[in-house]
Amino acid sequence: MLEKVLKGSPKYYMWLAFLGGIIGVGVITYLFQLKYGLGLTGMNRDVTWGFYIAQFTYLVGIAASAVMLVLPAYFHGYKHFKKIIIFGEFMAIGAVVMCMLFIVVDMGMPQRMLNVMLHPTPNSVMFYDMLVLIGYLCLNAIIGWKTLECERFQVAYPNWVKYLIYTSVIWAFSIHTVTAFLSQGLPGRHYWLTAILAARFLASAFCAGPALLLLLLMVVKKLAKFEIGKEAIKTLTIIITYAMCINVFFFLCEVFTAFYSNIPGHMHPLHYLFAGTEQGLPWVTYWMWIGAIFAIASLALLIPTSLRENMKILPWALGMLVLATWIDKGLGLIVGGFAPSPFETWATYAPTVPELLISLGIFGVGAFIVSILWKIAIDVKKEAGTL
Amino acid sequence: MKRSRRQFLKVASLSVAGLGAQLAAGGMTKAAAAVKPSYKEDALALKAKRWAMVIDTREFASKEDFDACINACNHAHNIPNIPGKSEIKWIWKDAYEHTFTETKNKYQSKEIEDREYFMLCNHCENPPCVRVCPTQATYKLENGIVAMDYHRCIGCRFCMAGCPFGARSFNFTDPRPYIKDINPKFPTRMIGVVEKCNFCVERLDEGKLPACVEAAPGKIHFGDLSDPESEVRKLLEENYTLRRKPALGTEPGVFYII
Amino acid sequence: MYNSKYVISGLVIFLAVFSYPFWGNLASKDYNGPKLSLPADQKQCIEPVEFMRAEHMTLLNQWRDSALRDGKRVYVASNGATWEASLQKTCMSCHTNKAEFCDTCHLENAVEPYCWTCHVPPKGNE
């Protein structure tokens with residue numbers, strides 16, 4: 001099936017070359033970071049995680065969200081998802097690879113990365129994070145590849161794949177739970193020290209991931225000329241809508257607990273994110289308000305069935321939803337977590353240009369992987385007549 | 001063709017096996033030649049079940065009082081003087097409201113409010129940094145000291161997110177150019193690793209008190225918290241002391257006489 | 001076999017190039033280790049020379065773990081002598097000439113240990 005990667009239209013090659021260029025810029029910038037250290041980023045003594053770890057967190061969610069297709073299709077035998085399930089699995093592969101790269105570029109001593117395996121430490125959540133990410137990557141690669149191959153030869157997939165699929169369902173929940181546990185078990189980081197963080201992560205992942213998938217599919221179906229299926233879109237948007245409602249509800253629970261209890265430590269991060277400090281509004285405040293408005297607007301467009309099923313409106317609703325969840329998790333979460341420093345001073349952070357270029361390079365890698373995997377899937381499915 | 005391929009495989013597998021055996025045998029002779037290492041503690045080493053520090057904050061008034069300790073530490077451990085937000089500090093001073101964030105009081109005694117306070121790693125009994133470190137580069141010694149192995153640190157900074165006291169620093173840049181007078185008895189650190197106060201474990205092991213304690217005789221006390229007869233325990237009995245963020249349950253080992 | 005002419009001649013050329021290090025050095029002189037400058041006032045290292053040459057890095061790793069993790073900073077050598085387990089305070093106090101001792105051999109063997117990005121070599125050397 002790999003040969004499908006090599007046969008494509010000029011447009012396809014131009015797209016890959018464009019991504020290659022972005023990746024190249026990222027790699028060169030990263031070489032500078034390796035030489036001159038993480039001082040090239042906006043991180044500092046008080047804000048020790050930044051854009052990289054935030055993207056890692058967001059993308060684990062995107063990876064986990066494949067389960068929103070797998071679960072209905074394989075657990076409940078929902079047939080309409082069968083056609084697009086492979087796209088979810090392949091997107092998860094790209095997302096997991098990006099997660100791993102974001103962790104690597106965030107390390108001060110990436111040369112020593114394997115120390116995590118040489119000195120396995122079961123009391124560290126990061127140890128489990130490594131395990132679940134590698135496991136999830138393998139699961140999706142094996143399942144995706146095998147099921148696609150069987151589809152190509154028009155045979156039923158072997159029984160052992162089914163057990164892997166069931167494992168991957170539980171695994172998807174575990175990767176994002178473990179990611180939340182990285183933050184939510186730390187004493188003294190009030191914004192994260194909340195039992196609902198893992199649940200919030202899952203809710204935001206299960207709306208953002210399928211929304212992103214659907215948006216990408218809408219683009220690709222125009223390029224490759226196929227139909228996603230009305231029923232599939234209908235069901236997936238309902239899933240997205242419910243998950244987003246739960247996501248917003250969980251966030252409001254946080255707001256209530258912080259402000260009704262009136263405990264300063266709990267109020268500080270939210271205050272910083274949405275109302276700034278005595279010294280003025282940090283850059284993130286504008287983003288947070290955009291995120292809040294987009295979250296509400298997306299729900300307003302998704303909840304009424306007539307609007308949700310309008311294919312003209314849907315992409316806008318999904319776009320706003322993806323952006324809102326990204327601002328919440330890919331910006332606000334880390335900035336808010338570190339803003340009140342351990343000394344109760346305001347610690348500021350903003351990503352620098354090199355940091356953003358490296359991040360862009362990693363997104364390029366993810367897009368590259370998803371592009372070639374989807375290319376394979378589309379070509380194979382077209383040949384087999386299952387698209 | 002088929003036959004010769006099989007022969008080739010046979011020969012190849014035999015030679016691989018032979019090579020493997022040779023390597024294994026070589027490895028064994030090597031191991032036999034190695035000297036059995038034996039290590040012991042320095043006879044002068046200071047020992048305790050739980051090292052702890054009591055800082056008499058009443059004794060620190062002038063800038064010189066603080067600088068004596070800070071400079072002693074900085075020199076002993078080759079701590080760079082990096083300006084700005086990526087600074088490295090093992091022991092430093094700050095205002096009351098930044099040190100004791102949980103016991104702030106708008107109408108505090110002016111004298112206490114105006115005083116400055118040392119901050120350093122608390123060498124907690126339940127250190128979150130040790131809990132989260134994925135490589136055991138940070139670990140707790142039997143004597144209660146939370147130590148670090150800079151050779152093993154991967155620079156993930158999970159420990160910095162975990163520490164509620166802001167006691168850890170990260171080498172965002174190469175520290176060497178920022179060290180004026182390098183102490184040849186102690187290593188520096190390199191780009192990309194985390195570092196922090198080590199309660200001068202290297203000095204205790206050769207029978208010396210920590211550098212800051214030595215630099216402030218009678219002002220900073222150091223001893224065994226588990227020994228009821230120790231000086232630190234007596235001071236704790238006789239004086240009202242605070243610890244930073246006791247509510248988090250990390251059980252800090254640094255006490256402040258107010 | 002198809003194209004046996006090309007395949008066999010290709011294999012021969014490949015083998016010739018691949019084995020060059022072996023036959024290429026047959027004619028050359030015997031290999032002599034690099035000349036290291038040894039401490040003038042000392043006859044013996046803490047362990048036999050052969051052991052130190054082959055295993056000094058392992059020994060240093062053991063020193064590190066023993067000193068940092070077990071608090072045992074005294075090394076009892078095979079001849080019973082005791083030494084402080086410290087690269088800077090013990091090794092480099094005799095081997096004061098990093099450039100002509102450590103670096104010469106490491107360079108010859110194409111290894112680049114990064115000990116000295118943290119550990120401080122004696123001053124007279126820089």
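Convention: sequence-line order gives letters A, B, ...; per-chain numbering from 1.
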task = Name, in order of residue number, those residues of residues 127-147 of chain B that have a heavy atom at a distance of less than 4.5 Å from a heavy atom in chain C; otherwise write 'none'.
result = B:Q136, B:A137, B:Y139, B:L141

Part of [X] within contact of chain B (heavy atom distance under 4.5 Å):
X     : answer
C:S66 : side chain
C:W83 : neither
C:E84 : side chain
C:S86 : neither
C:N61 : neither
C:R64 : side chain

key: Side-chain donor/acceptor of B:N74 to backbone N/O of B:I79, under 3.5 Å   = no

message = Whether the side chain of C:N79 engages the backbone of C:A81 through a donor-acceptor N/O pair (distance < 3.5 Å, no angle test) should be reported.
response =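 Yes.
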
Interface moiety of B:F186 toward chain C, non-hydrogen atoms closer than 4.5 Å =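 Backbone only.
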
task = Grab the two heavy atoms, one from B:P187 and one from C:V120, that are nearest each other, plus how far apart they are.
result =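 In this case the closest contact between B:P187 and C:V120 is CA-CG2, 4.4 Å.
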
ask   = Atom NE2 of C:H95 and atom NE2 of C:H56: how far apart are they, to the nearest 0.5 Å?
value = 10.0 Å

query = With under 30° as parallel and over 60° as perpendicular, where do the rings of C:F18 and C:F14 fit, or are they tilted in between?
reply = parallel

request  = Please work out whether the ring planes of B:F222 and B:W51 are parallel, tilted or perpendicular, with thresholds of 30° and 60°.
outcome  = parallel

ask   = Given the options B:M148, B:R189, B:K185, which has more heavy-atom pairs under 4.5 Å with chain C than any of the others?
value =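 Result: the option with the highest number of such pairs is B:K185.
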
message = Between B:W90 and B:H77, is the ring centroid distance below 6.0 Å?
response = yes

request  = Report the C-alpha separation of C:Y75 and C:E47 in whole Å, then their side-chain angles, then the decisive distance to 0.1 Å, and conclude whether the side-chain hydrogen bond (donor to acceptor under 3.5 Å, both in side chains) test is met.
outcome  = CA-CA 11 Å; C:Y75 175 70; C:E47 295 288 354; 2.8 Å; yes

key: Side chain to side chain, B:I88 and B:Y178, heavy atoms closer than 4.5 Å   = no

inquiry  = Contact between C:R73 and B:V201 at the side-chain level, heavy atoms closer than 4.5 Å - yes or no?
reply    =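 Yes, close enough: below the 4.5 Å cut-off.
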
key: Top contributor to chain B interface from C:G71, C:A85, C:S93 [non-hydrogen pairs under 4.5 Å]   = C:G71

